[in-house]
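Computed over heavy atoms, backbone and side chain alike; hydrogens, waters and symmetry mates excluded.
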Amino acid sequence: MSTSLSLYPGARVALLCASSAVPEERLEPSIQAVKALGLDPVVYPSCYYVNRHGYFAADDAQRAKDLQDAFADASVQGVLCIRGGYGANRILPLLNWRDIARHPKVFCGYSDVTALHIALNQRCHMPTFHTPMPSTEWYKETDEFTMTYLRRALFGALTGPLPMGDTVETLQSGKARGALCGGNLSLVRDSLGTPWELDTRGKILFLEDVGEKTYRLDGMLTQLRNAGKFDDCAGILLGYWTDCPPEDPEKTLEIPEILREVVLPCGKPVLSGLSCGHSTPTMSLPLGRTVVMDADEKTLEALV
């Protein structure tokens, strides 16, 4: 898998919505935030609120066309999903993956964008970047840790040791090496049984989620376990579980118990508490690239 994709000052980047609409008041600040990083944004139709289709930024055909057009445009060096939400998995059957693979570009986003990361990594053999997005983090003042990682992802410096924040803990010891895969747990679970099912064989699996009750996390993790995804992978990285409260603290398992009972029996090295996901500060991750994790030393390194 190629690892040479990067942007440069003045590079043209597509801004598009593969999922939900950008709030009208955030579009212009998002554009300005992209410009502030030295990039030249090209705003696609799905970004404009007038094209909203129910809870989608635009109908499936328009959102798929924007993504297809962005990869086909030789003047565009990167594709930035401006926000997540819901809907990326609906456009997967509408995309010509062979054509997209012919025009590899820097691709960034997270959350619902996980559906596209999986397809681009596996169908197109294209590395992608799990990063914050213009209308959710970039448009407002955010912390230097988040922005430093974002710049490294955009401009080709997301290699070497990756500091993971102060909250990382070892849940299961060991070392592992493999291509980094995964993203949002809900979207990884939704990929099962489809042509875009996440393949974790020999890979480092990253998971995070937001707004789910603990029993829902239990159900999704159990589904991955039952599908063999933890047995197949080489190691596991766990990020933020943001706004994922127990529905009744006296009558439910909490997240550490769920992880201990559902994830750890696979016997793979597991690091938890990565500063990555639906909270800040958040790191950026190079999906599809080879990484080395050491759960005992609490380190992660991205290889060139």
Side-chain angles (χ1 to χ4, degrees), residues 19-20 55 84-90 110-118 130 164-165 167-174 176 178 180-194 196-280 282-283 285 287 293 295 298 300:
S19 307
S20 298
Y55 36 75
Y86 167 68
N89 53 8
R90 283 185 51 154
Y110 78 108
S111 192
D112 196 62
V113 181
T114 296
L116 298 174
H117 283 303
I118 294 172
H130 184 285
M164 295 176 288
T167 58
V168 179
E169 61 176 322
T170 302
L171 296 191
Q172 196 143 261
S173 65
L180 184 61
C181 70
N184 182 261
L185 171 60
S186 301
L187 274 297
V188 170
R189 186 278 316 271
D190 287 349
S191 77
L192 300 182
T194 75
W196 303 277
E197 179 170 334
L198 180 66
D199 181 359
T200 65
R201 288 174 295 181
K203 299 178 182 178
I204 308 297
L205 174 61
F206 167 70
L207 297 170
E208 61 82 34
D209 217 320
V210 62
E212 299 285 358
K213 297 289 189 180
T214 48
Y215 81 91
R216 289 274 299 157
L217 296 177
D218 188 324
M220 290 186 282
L221 290 168
T222 298
Q223 183 73 356
L224 294 190
R225 181 201 66 184
N226 292 350
K229 300 305 177 182
F230 300 143
D231 288 334
D232 287 347
C233 73
I236 298 170
L237 302 171
L238 302 171
Y240 290 125
W241 306 108
T242 304
D243 297 329
C244 293
E247 57 279 3
D248 183 343
E250 296 182 358
K251 299 179 181 179
T252 191
L253 298 177
E254 298 195 17
I255 292 174
E257 296 173 279
I258 295 168
L259 297 176
R260 185 168 60 249
E261 294 180 8
V262 178
V263 178
L264 298 192
C266 72
K268 305 300 169 60
V270 181
L271 278 173
S272 182
L274 272 71
S275 298
C276 191
H278 286 77
S279 295
T280 53
T282 187
M283 63 192 297
L285 291 172
L287 297 174
M293 64 176 289
K298 302 179 185 179
L300 181 68

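Separating the SG atom in C244 from the CD atom in E212 is a distance of 6.5 Å, to the nearest 0.5 Å. The distance from the SG atom of C276 to the CE atom of M164 is 11.0 Å, given to the nearest 0.5 Å. Residue I236 holds its CD1 atom at 14.5 Å from NZ of K203, rounded to the nearest 0.5 Å. Note that CG of L217 and CG of L253 are 11.5 Å apart. Values are rounded to the nearest 0.5 Å. Separation of atoms OG (S279) and CG (D243) is listed at 7.0 Å; rounding is to 0.5 Å. Atoms CZ and CG, from R216 and L221 in turn, are 11.5 Å apart once rounded to the nearest 0.5 Å.
Contact between C233 and K268 at its shortest, heavy atoms only, is O-NZ, 2.6 Å. Contact detail for M220 and D209: the closest heavy-atom pair is CE-OD2, 3.8 Å. Between T252 and E257 the shortest heavy-atom distance is O-OE1, 4.3 Å. When every heavy atom of S275 is checked against every heavy atom of G165, the shortest pair comes out as OG-CA, 3.7 Å. In terms of heavy atoms, A227 sits closest to L192 at CB-CD1, 4.0 Å. Listed here is the closest heavy atom pair of S19 and G84: CB-O, 3.2 Å.
Counting heavy atoms from C-beta on, the side chains of L207 and V263 never come closer than 4.5 Å. Two residues are said to be in side-chain contact when any heavy atoms from C-beta on lie closer than 4.5 Å; Y240 and H278 fail this criterion. You'll find the side chain of L271 stays beyond 4.5 Å of the side chain of L300, heavy atoms only. Residues L116 and W196 form no side-chain contact, since every pair of their non-hydrogen atoms from C-beta on lies 4.5 Å or further apart.
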If you apply the rule side-chain contact (heavy atoms from CB on, under 4.5 Å), what do you find for T214 with I255, and how did you get there? CA-CA 6 Å; T214 48; I255 292 174; 4.0 Å; yes
For L198 and C181: C-alpha separation, side-chain torsions, deciding distance, then whether side-chain contact (heavy atoms from CB on, under 4.5 Å) applies. CA-CA 8 Å; L198 180 66; C181 70; 3.9 Å; yes
From CA spacing to verdict: side-chain contact (heavy atoms from CB on, under 4.5 Å), L185, E208: CA-CA 6 Å; L185 171 60; E208 61 82 34; over 6 Å; no
Start with the C-alpha distance between L224 and V188, add both sets of side-chain angles, then the distance that settles side-chain contact (heavy atoms from CB on, under 4.5 Å), and finish with yes or no. CA-CA 8 Å; L224 294 190; V188 170; 3.9 Å; yes
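Checked against the 6.0 Å centroid threshold, H130 and Y110 count as a close aromatic pair.
A donor-acceptor pair is defined here as one N or O able to donate and one able to accept, closer than 3.5 Å; no such pair exists between the side chain of S173 and the backbone of A295. A donor-acceptor contact shorter than 3.5 Å links the side chain of D112 to the backbone of G87. One N or O on the side chain of T114 and one on the backbone of N184 form a donor-acceptor pair closer than 3.5 Å.
A search for salt bridge (charged side-chain N to carboxylate O under 4.0 Å, His left out) contacts involving E261 returns nothing, not counting sequence neighbours. With sequence neighbours left out, R201 forms a salt bridge (charged side-chain N to carboxylate O under 4.0 Å, His left out) with D199. Every salt bridge (charged side-chain N to carboxylate O under 4.0 Å, His left out) that K229 has, sequence neighbours left out, goes to E197.
With respect to L238, the side chain to side chain contact (heavy atoms under 4.5 Å, CB included) criterion is satisfied by exactly one of L205, L171, V168: L171.
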